[in-house]
There are 2 protein chains.
Amino acid sequence: MPTPTPGRPVRGSSTGRPLMAALDLFGRRWSLRIVWELQRGPLGFRALQQRCDNMSSSVLRQRLTDLATALVVEQHPDTTYALTPLGHDAYRALRPLVRWSDDWAAALADEKPTSQHG
Amino acid sequence: MPTPTPGRPVRGSSTGRPLMAALDLFGRRWSLRIVWELQRGPLGFRALQQRCDNMSSSVLRQRLTDLATALVVEQHPDTTYALTPLGHDAYRALRPLVRWSDDWAAALADEKPTSQHG
DNA sequence: TCTAAGTGCTTCGAAAAAAGAATCAGATCC
DNA sequence: GGATCTGATTCTTTTTTCGAAGCACTTAGA
């Protein structure tokens, strides 16, 4: 399970296009979430795990390795994990998704109202 | 494997926050890619499959169901699949990722040059 | 009508990834 | 010493994905 890297073929794409590598990296479970949770500041392994709804520690370890290899996350001397500058950029790139998810929630609530009276 | 829906607990989050549902939806393999490929116009099932590096048809079907339930994708009367308005918004929200992936590629190339001469 | 090729879609066994709990070693505190 | 944190590993089970094969249907041609 190699870490996706631009310039080389990745899961689901043989072109090596950076975007495809990014889609592979962030298409892995918990990747987006970890970036999201680290954005507010460095966290220790267990604290991060708790922030991520007590995700499996084995997977967390794997994702941290992936993201560190991808230079998105780094481990500080005090062993906490934090976003690199590149990681913060990734967060900013992902930020419009928050806005979208709110619109999405509104649209879904409109489409199928959750058993409200009217 | 229920489709993530804002307002209800999803894989990896019990809060029902829209963002967490979105992270679950797009954290599934191929979800991001499908939105990406459909952005240029409607595609039939097999054409879409080919665009997605011949991804497994069983997973494509599952993802299309997920995305359709989430009102991100819809099937036209001629059986082609297309983004809904909400889907196009999602694409726009994801677009900064392209920019980032280029920066990312540049940073990685800088960090570990791929065995170039000098 | 038979055949061939193209759809959208389904099924199923195998492989890969994730879940989840137990555990280890080191540090800290009492 | 004993309890309790920590980061990290290992192992087994469950879930997800893969990937090939096949089905039902449509179109086109002989």
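The chains referred to below are lettered A, B, ... by the order of the sequence lines, with proteins before strands, and numbering in each begins at 1.
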Checklist entry - Does the separation of the ring centres of A/Tyr91 and B/Trp100 fall below 6.0 angstrom? => result no

Item to check | Side-chain (B/Asp78) to main-chain (B/Thr80) donor-acceptor, under 3.5 angstrom | outcome: yes

Item to check | Between C/dA19 (P) and A/Leu60 (CG): distance, integer Å | outcome: 10 Å

Item to check | Test: B/Arg33 and B/Asp53 ion pair at under 4.0 Å | outcome: yes

Item to check | Sugar-phosphate or base contact per nucleotide [nucleotides 6-12 of chain C; S, B, -; heavy atom under 4.0 Å] | outcome: -BBBBB-

Next on the checklist: Nearest whole Å is fine: how far is D/dT16 C1' from A/Arg29 CZ?
Outcome noted: 10 Å

Checklist entry - Could you give the CD-to-C1' distance, from A/Gln62 to D/dG7, as a whole number of Å? => result 16 Å

Item to check | Distance below 4.0 Å between B/Arg28 side-chain N/O and D/dT17 OP1 or OP2 | outcome: no

Next on the checklist: With a 4.0 Å cut-off on N to O distance, would you call A/Arg99 and B/Asp89 a salt bridge?
Outcome noted: no

Checklist entry - Given D/dC18, is OP1 or OP2 found less than 4.0 Å from the side-chain N or O atoms of B/Trp30? => result yes

Item to check | Expected output: side-chain B/Thr84 to main-chain B/Val72 donor-acceptor under 3.5 Å | outcome: yes

Checklist entry - If we only count heavy atoms from C-beta on, is the B/Pro42 to B/Tyr81 side-chain gap below 4.5 Å? => result no

Next on the checklist: In this structure, how many angstroms lie between the P atom of C/dA21 and the CG atom of A/Asn54, rounded?
Outcome noted: 10 Å

Item to check | Euclidean distance, atom CZ of residue B/Arg11 to atom P of C/dA17 [Å, nearest integer] | outcome: 15 Å

Checklist entry - Which nucleotide sits closest to the side chain of B/Val59: D/dC18, D/dT16, C/dA17? => result D/dC18

Checklist entry - Hey, can you pull the residues of residues 35-42 of chain B with a non-hydrogen atom under 4.0 angstrom from DNA chain C? => result none

Item to check | Euclidean distance, atom CE of residue A/Met55 to atom P of C/dG20 [Å, nearest integer] | outcome: 11 Å

Next on the checklist: Taking side-chain contact (heavy atoms from CB on, under 4.5 Å) as the definition, give me every residue that meets it alongside B/Arg17, ordered by chain and number, with sequence neighbours left out.
Outcome noted: B/Thr15, B/Met20

Next on the checklist: OP1 or OP2 of C/dA18 versus the side-chain N and O atoms of A/Arg63: is any pair under 4.0 Å?
Outcome noted: yes

Item to check | Under 3.5 Å donor-acceptor, B/Gln49 side chain and B/Asn54 backbone | outcome: no

Checklist entry - Can you check whether B/Arg29's main-chain N or O pairs, donor with acceptor, with B/Arg63's side chain at less than 3.5 Å? => result yes

